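We use all heavy atoms of the structure for the numbers below, so side chains are in, but hydrogens, waters and symmetry mates are not. Note that the structure is predicted; figures quoted are calculated from it, not measured. Within every chain, numbering begins at 1; the chains are lettered A, B, ... in the order of the sequence lines, protein sequences first and strands thereafter.
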There are 4 protein chains.
Amino acid sequence: MFELDLRSRAPMYEQLVEKIKELIINNVLKPDEQLPTVRVLAGELTINPNTIQKAYRELEHRGYIYSVPGKGSFVRPAVPGNNAARLRILEKELSIIVTEMRYLGAPPQEIITRIKTQLFKDEGGNVDD
Amino acid sequence: MFELDLRSRAPMYEQLVEKIKELIINNVLKPDEQLPTVRVLAGELTINPNTIQKAYRELEHRGYIYSVPGKGSFVRPAVPGNNAARLRILEKELSIIVTEMRYLGAPPQEIITRIKTQLFKDEGGNVDD
Amino acid sequence: MFELDLRSRAPMYEQLVEKIKELIINNVLKPDEQLPTVRVLAGELTINPNTIQKAYRELEHRGYIYSVPGKGSFVRPAVPGNNAARLRILEKELSIIVTEMRYLGAPPQEIITRIKTQLFKDEGGNVDD
Amino acid sequence: MFELDLRSRAPMYEQLVEKIKELIINNVLKPDEQLPTVRVLAGELTINPNTIQKAYRELEHRGYIYSVPGKGSFVRPAVPGNNAARLRILEKELSIIVTEMRYLGAPPQEIITRIKTQLFKDEGGNVDD
DNA sequence: GTGGTCTAGACCACG
DNA sequence: GTGGTCTAGACCACA
């Protein structure tokens, strides 16, 4: 289910957080769906349960999941408000990346097209301006 | 000139690398312009010269500056091409960010407009004089 | 295991880099094999751990090893391709050396034979034209 | 006449030594031909005369030129004996380079061809002594 | 006076 | 116990 890069400089719990966050964002893990338990996931990935625990705690702290003691961890449904702060950060990161791509010689039109494709990819095909 | 976040979990040399890279990309630091010397910058930021040197060395490895022993460190002019690998990484990062922004409820059209404005803001005029 | 020349003008970390690179290239250190830990090697060579770390970091930058924080450093398996730049440098160096050998009076045929023997020594022994 | 790379990490006097050695080896500078005086060369390259001086001293030490006080520096004719030590070093360097090229995926036959071309490139031409 | 190397010793995140 | 970060302070080659 998850593929971790043992060679990566990024700590494993961090990789786990990103992977799960991606699954939630891409709607692979549906709202209120239960995540694998710490023990099960630790068994599948053959890594320390503490590492899973840490990743789940981090995800909870960032608002992507919620834990019910004695039951498990579940995907927290997205709430379209209260994300202003996170969005500001993402906008800044996006801006930095775009600037660097341009600096490295990527054609601006190509960058735009790529973003559009990403934004509208499963919406019905309106990629026009 | 530079502001470092001492509380951040990112190491100081890494923060320095990102800051300087940004200045180069945004053409604040011009090609072949000399960077502050290791000792001067260490003095200004009141951190150890070795930390500055590590940041400069990293920037040199990544191709953004070059160091001439006994003279100083200078901005390496960008060479279009041979950046394919780096661009691929950036494209992936961009994809992930855009997906998350969409998930958090950011209006797609607004994202596009923002990027366009940024990309074409100094389209007509050359940035350096 | 490693012998460093303290009198050499080449910095110790650079000598280490070359030595280890040679061991990897000659398959003495196998792919994914763990290198001695920074502290162990520092102990054996009676030099500062930071010097070892610098060498390891340099090897990582050059793509010969990878480091997993908390686990150790390992030989990165060679990936054919993407080495064009490095190969161009080596070809130029080879050209310069051969030219000097010829200038110093080394018999050309002897040079060829030596290289052939080396290249095909573990391939079946075809040393013919 | 000479092109120095100011960006290179190699010290300028070292670059000078290599460049002049190459000219001698390739017979561009003939035996007993006079080299430019320190002052003239310093003027042409717009670098410090001390740097030229150091390069010439190094070349003399390595046996490629000889200096006549009050007259200038001259190319020392190659003596096909007494080069055994230098040749052994070059053979070792050659061996290392070939091994790395092979490791990086260069076809052995191509390496051989390259060396042969280099060795015999002006075989039929003038070998006057 | 510059960048570069090296040492000695401390602390931290990670698994 | 690992690699990684940072400090404080020393010495060297180079131009």
In whole Å, I'd like the distance from the CZ atom of B:Arg9 to the P atom of F:dC6. 14 Å
Nucleotide N/O to protein N/O under 3.5 Å, stretch nucleotides 11-13 of chain E:
none

With DNA chain F as reference, determine whether C:Arg57 or D:Thr51 sits nearer its 5' end, using the nearest nucleotide of each. C:Arg57
Sequence neighbours excluded, the answer for salt bridge (Lys or Arg N to Asp or Glu O under 4.0 Å) partners of D:Arg62 is D:Glu14, D:Glu18, D:Glu58
Taking only residues two or more places apart in sequence, or in another chain, which ones meet D:Tyr64 in a ring-ring contact (aromatic ring centres under 6.0 Å, His included)? none
Winner on side-chain proximity to C:Gln53, out of F:dT7, F:dT5, F:dT2, is F:dT5
Measure the distance from CG on B:Leu4 to C1' on F:dT5 and round it to the nearest whole Å. 14 Å
Is any N or O donor-acceptor pair between the side chain of B:Asn50 and the base of E:dG3 shorter than 3.5 Å? no
Let me spell it out: for each of B:Gln34 and C:Ile47, pick the nucleotide of DNA chain E with the closest heavy atom. Which residue's pick is nearer the 5' end? B:Gln34
Could you summarise the pairing of DNA chain F as dot-bracket text, marking Watson-Crick and G-U pairs under 3.5 Å with ( ) or [ ] inside the strand and | across strands? ||||||||||||||.
If you check every side-chain atom of B:Glu60, which of E:dA8, F:dG3, E:dG4 has the closest atom? E:dG4
Taking the side chain as everything from C-beta on, heavy atoms only, tell me whether C:Leu45 gets closer than 4.5 Å to C:Thr51. no
Starting from P on F:dC6, measure out to CG on C:Asn48 and report it in whole angstrom. 17 Å
Residues passing the salt bridge (Lys or Arg N to Asp or Glu O under 4.0 Å) test with D:Glu100, sequence neighbours excluded, are C:Lys21, C:Arg86
I need the CD1-P distance between C:Ile52 and E:dC6, as an integer number of Å. 10 Å
Got a sec, which residues hit salt bridge (Lys or Arg N to Asp or Glu O under 4.0 Å) with D:Asp5, two or more places apart in sequence or on another chain? none
Could you check how far CG of C:Leu41 sits from P of F:dG3, rounded to whole Å? 10 Å
Rounded to whole angstroms, how far apart are NZ on B:Lys71 and C1' on F:dC14? 10 Å
Please report the shortest heavy-atom distance between C:Pro77 and C:Asp32, naming the atom on each side. CG-OD2, 3.7 Å
Value in whole Å for how far the C1' atom of E:dT5 lies from OH of B:Tyr56: 19 Å
Would you kindly give the CD-to-C1' distance between C:Gln15 and E:dT5, to the nearest whole Å? 12 Å
Closest heavy-atom pair and its distance - C:Asn48, C:Ala42: C-CB, 4.2 Å
What nucleotide among F:dG4, E:dC6, E:dG4 has an atom nearest to a side-chain atom of C:Met12? E:dC6
Heavy-atom side-chain proximity of D:Ile97 to C:Glu91 below 4.5 angstrom: no
Side-chain touch A:Glu44/A:Val40, heavy atoms, less than 4.5 angstrom: yes
